[in-house]
Every structure is written in C-alpha cells, then in structure tokens.
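Each remark here refers to the structure printed beneath this line.
Note on naming: letters A, B, ... go to the chains in the order of the sequence lines (proteins, then strands), and numbering restarts at 1 for each one.
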There are 2 protein chains.
Amino acid sequence: MFCVSLIPIRSGTPFGSGQERSDAARNRELLLCAARELIDECGVDGLTMDKLAERAGVGKGTVFRRFGSRAGLMMTLLSAAEAEFQSRFMFGPPPLGPGAPPLERLIAFGAGRIGYVLEYGDLARAADHSPYNRFEVPAAVLWHRHIEHLLRAAGFDADPWLMAVSLSATLDPERLLHAVRVHGVSPGRLEESWRQLVTRVVGPAE
Amino acid sequence: MFCVSLIPIRSGTPFGSGQERSDAARNRELLLCAARELIDECGVDGLTMDKLAERAGVGKGTVFRRFGSRAGLMMTLLSAAEAEFQSRFMFGPPPLGPGAPPLERLIAFGAGRIGYVLEYGDLARAADHSPYNRFEVPAAVLWHRHIEHLLRAAGFDADPWLMAVSLSATLDPERLLHAVRVHGVSPGRLEESWRQLVTRVVGPAE
DNA sequence: ATAATATCCGGACCGTAGTCCGTTTAGTAT
DNA sequence: ATACTAAACGGACTACGGTCCGGATATTAT
C-alpha cells in the first residue's frame with residue numbers, strides 16, 4: 001500500500017550520481033568534522049559558511065558544492081538522527097512502530113518528534129531555514145505521509161492530507177522551541193497537548 | 001475579563017514617543033509610497049531596502065530608522081488591513097464578532113484569516129520573517145489570545161493556551177500559501193479542513 | 001532673530017549566504 | 001608513463017539586510 005523509498009536523506013553528495021572522487025570525500029569529512037567543532041564552540045547560529053571553510057582548510061566554493069546551502073549542511077548533520085527516528089516510526093516496536101492502533105501511533109509519533117526537536121532543536125530549525133520548499137524536503141514529506149496514513153488508518157475520512165498538514169504545523173521546530181524556551185512549556189505538557197489534539201481529531205465523526 | 005490594548009499595530013514610528021518631526025513624517029510617506037510602487041513592479045520578494053531607499057530618494061539609514069527592519073516595513077504596509085481584520089473579529093457582527101457561539105466564531109475566524117492570507121499572502125509572509133520573536137509581534141499575540149479565549153468559552157479546559165498555539169500554526173501564512181500555490185488546494189478546502197479541526201477539538205470532552 | 005538641543009539624515013561600512021569561472025587534480029584509457 | 005577529461009577546487013565577487021556616526025535640520029525657549 002505504501003511503498004516509500006526508504007530514508008531518502010541527503011548524505012552530502014549533491015546528487016546520488018556515481019562515486020564521489022576521493023578528494024571530494026576527504027573534504028566532506030573535513031567539513032562535517034569542522035562543522036561539529038564550530039557548533040560546539042559557537043552554537044548552531046554561530047556557524048557561518050566562511051568560518052567553516054576556513055576551519056576545514058578548504059575554499060568557500062567547496063562548502064557550497066558539497067552541501068548546496070547552509071540548510072543543506074544542517075540536514076546532513078542531522079541525517080543520522082533523522083534516519084534513526086525514521087526507522088523507529090516505520091519499522092520499530094509499537095506504539096511508535098507498526099502494530100499498535102493508529103491513534104496510539106499518532107500519539108507516540110508526536111512524543112517522539114517532540115523529543116527529537118528538543119534534542120536537536122537549533123539544528124532542525126537551521127535545516128528548515130531553506131528559504132522556500134522547506135515543506136518539500138524528503139524528511140518532511142515522509143513525516144507528512146506518515147501522519148496522513150495514520151489518520152486514514154484511524155478512520156479519519158475528511159481530507160486527511162490537509163489535516164496532516166495542520167498536525168505537522170503543530171510539530172514545527174520553531175514553534176515548539178519557542179514554547180519551550182520563551183514560555184517555559186515542559187515537554188510533558190507539549191506531549192499532553194498533542195495527545196489531546198490528535199485524540200479529538202481522530203475520535204468522533206462529525 | 002480580557003482587557004487588550006486595542007489594535008497595537010506599529011504605524012511606522014519606531015516607538016510611540018511624542019510627535020514625529022515633519023521631515024520624518026514626510027519621508028515615511030515617501031517610503032511607503034515607493035514601497036507600494038516597487039511591490040507592484042517587482043513583487044514583495046523583489047523589494048530590497050536599497051532599491052526602496054533609492055526610489056524614495058532618501059538614505060538607507062532612514063529606511064531602517066523608520067521601520068526597524070524589512071519585516072517591520074512589511075508590517076506597516078499591512079497595518080491597515082490588519083487593523084480592519086482585528087476590529088472585525090473583536091467588534092464586528094457575528095459570527096466573526098461577538099454574539100455567535102464560540103465554535104462558530106472560531107470557524108469564522110479561520111475563514112477570515114484564510115481569506116486574509118490569500119489576499120495579502122506574500123506581504124504577511126515577509127512580515128513574519130522577523131528572524132526571531134515572530135510569535136511575539138503584537139498582532140500574533142492578539143490572534144493567539146483570541147483563539148485561546150474562544151477555546152475557553154467553548155468549554156475547552158485542557159491547556160487552551162497551548163492548543164491555541166497549535167491552531168495558530170495551522171493558519172500560518174507560509175503553510176497556507178504553500179498548500180494553495182504548490183498543491184493547488186482551494187480556499188474552500190482550507191476552510192472546511194479548519195472547520196473539521198476546530199469542531200473536533202472543541203467538541204467532545206475526552 | 002538667535003541660540004540650544006533633540007531628532008533625523010545619508011551613505012560608507014560590515015557580516016553573511018550564495019555564485020562564478022579560471023585553474024588544478026583524480027581517475028581512466030592508451 | 002602519458003595524455004585526456006570530467007570533476008572538484010578556491011577565492012574573488014555580488015546582493016542583501018542591517019549598523020554607525022558625523023553632519024544637517026526642525027523645533028522650542030529666550
């Protein structure tokens with residue numbers, strides 16, 4: 001029924017064409033390593049592409065050739081965590097993975113996502129900052145499809161696609177971080193509110 | 001019970017301190033006029049602060065002194081429409097204004113906001129692009145409080161504040177515009193999905 | 001009219017993301 | 001080994017948002 005191309009996360013090569021040249025691979029590692037160092041030292045927002053290039057000892061052009069944009073770099077840095085989260089909600093044990101009732105999977109998905117955002121918050125936000133098409137990034141498309149699928153499975157028949165958009169909006173990193181950091185909302189409170197939301201949405205027919 | 005300072009929209013003066021000097025007022029008008037021209041010619045995204053300054057015949061510093069930032073300029077350009085929308089949902093006729101049952105007011109609020117976003121979309125998006133605190137802008141705070149208030153009035157007792165955050169996220173200009181422009185979703189479909197959402201959220205206790 | 005002062009003005013300047021293109025180099029075929 | 005080519009490299013360059021501060025100007029008090 002759903003046949004997704006598994007974990008379509010960018011790994012640093014602009015397009016998946018043939019093998020990467022050895023110097024390119026070496027520079028990619030240098031850059032990722034330097035990026036992690038810089039983030040440790042200056043925070044995500046303190047990482048600039050110039051500093052990164054200098055730290056890695058490569059030209060600026062090389063940085064953009066490898067990652068396309070700052071957002072692309074951030075996505076690459078997130079890819080391991082992202083892949084792990086994806087495999088958990090697609091293939092892992094219930095209630096997040098298959099096997100549990102759809103509503104429980106939805107609730108667990110929100111909780112998982114909230115935890116993910118709280119852990120990798122700034123990175124996720126920076127990765128989202130792709131001026132356009134931030135909703136078309138493979139990971140975002142996959143989450144959306146997952147939510148839509150669970151809505152359907154739970155018997156929600158009224159425009160599950162659009163409702164999945166709304167529910168995704170609730171889990172947007174920028175808003176979650178804002179609630180937590182500026183308003184001191186606890187993770188538990190976020191999870192409970194999400195549970196209320198999806199329970200009521202899925203629950204009764206009109 | 002709710003005592004909001006009515007329509008706290010910025011009008012172009014950095015802070016509401018005493019009178020504006022006459023040359024400042026003149027330049028503000030020149031700038032707003034030039035901004036509208038440029039938007040007509042190049043679209044919202046084509047308006048740059050340099051072009052604006054040149055077109056208005058003032059220095060760049062003046063632009064930032066008047067509006068603080070690009071986002072601030074966009075907010076000023078929106079302020080008339082914003083004030084009109086605010087007064088409609090706060091004081092206008094039902095179902096948007098007071099008098100109708102809370103759920104109907106919520107539904108009408110979403111519809112109104114969707115219409116607003118579709119009309120002033122790019123402007124609203126550009127106004128939101130304030131790198132941080134985009135949720136603390138007076139207008140956003142007012143919408144949020146309004147939704148929260150309607151939730152409470154409709155008997156929603158489980159964390160109305162946070163639920164209002166989620167519902168606001170659904171009405172985010174960036175997402176709405178994306179749905180409409182990239183995926184061809186019709187306004188009517190947006191309104192119907194919003195209706196479903198708030199009806200179910202407000203509807204039954206758990 | 002004159003002086004005093006708070007406000008405003010202009011545009012050079014800065015940091016940053018992203019582009020461009022002439023040069024270098026890794027891989028490959030001979 | 002040598003020549004060839006596609007890929008990668010580097011860093012100067014552009015565009016843009018935003019800041020700064022010495023100089024100009026409107027306003028008010030005298």
*When you check every protein heavy atom under 4.0 Å of nucleotides 18-30 of chain C, what one-letter string (B, S, -) results, 5' to 3'?*
BB-----BSS---
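For Arg152(B) and Asp157(B), the salt-bridge test fails: no basic side-chain N is under 4.0 Å from an acidic carboxylate O. Look at Glu54(A) and Lys60(A) and you find no salt bridge, because none of the NZ, NE, NH1 or NH2 atoms lies under 4.0 Å from a carboxylate O. Ion pairing between a basic and an acidic side chain is recognised when a charged N comes within 4.0 Å of a carboxylate O; Arg195(A) and Glu192(A) show such pairing.
Among pairs with a residue in residues 103-113 of chain A, none fulfils side chain to side chain donor-acceptor pair (under 3.5 Å), at least two apart in sequence or across chains.
The side chain to side chain donor-acceptor pair (under 3.5 Å) check on Arg36(A) picks up nothing, with sequence neighbours excluded. Annotation: side-chain contact (heavy atoms from CB on, under 4.5 Å) contacts of Ala81(A) (sequence neighbours excluded): Tyr116(A), Tyr120(A). In terms of the side-chain contact (heavy atoms from CB on, under 4.5 Å) criterion, residue partners of His129(B) (sequence neighbours excluded) are, by chain and number, His129(A).
Heavy-atom contacts of chain A under 4.0 Å fall on DNA chain D between two terminal nucleotides, which in 5' to 3' order are dA6(D) to dG11(D).
Leu52(A) places its CG atom 18 Å from the P atom of dG15(C), with the value rounded to the nearest Å.
Dense packing is recorded around CG of Asp40(B), with more than 12 heavy atoms of other residues, nucleotides or ligands lying under 6.0 Å away.
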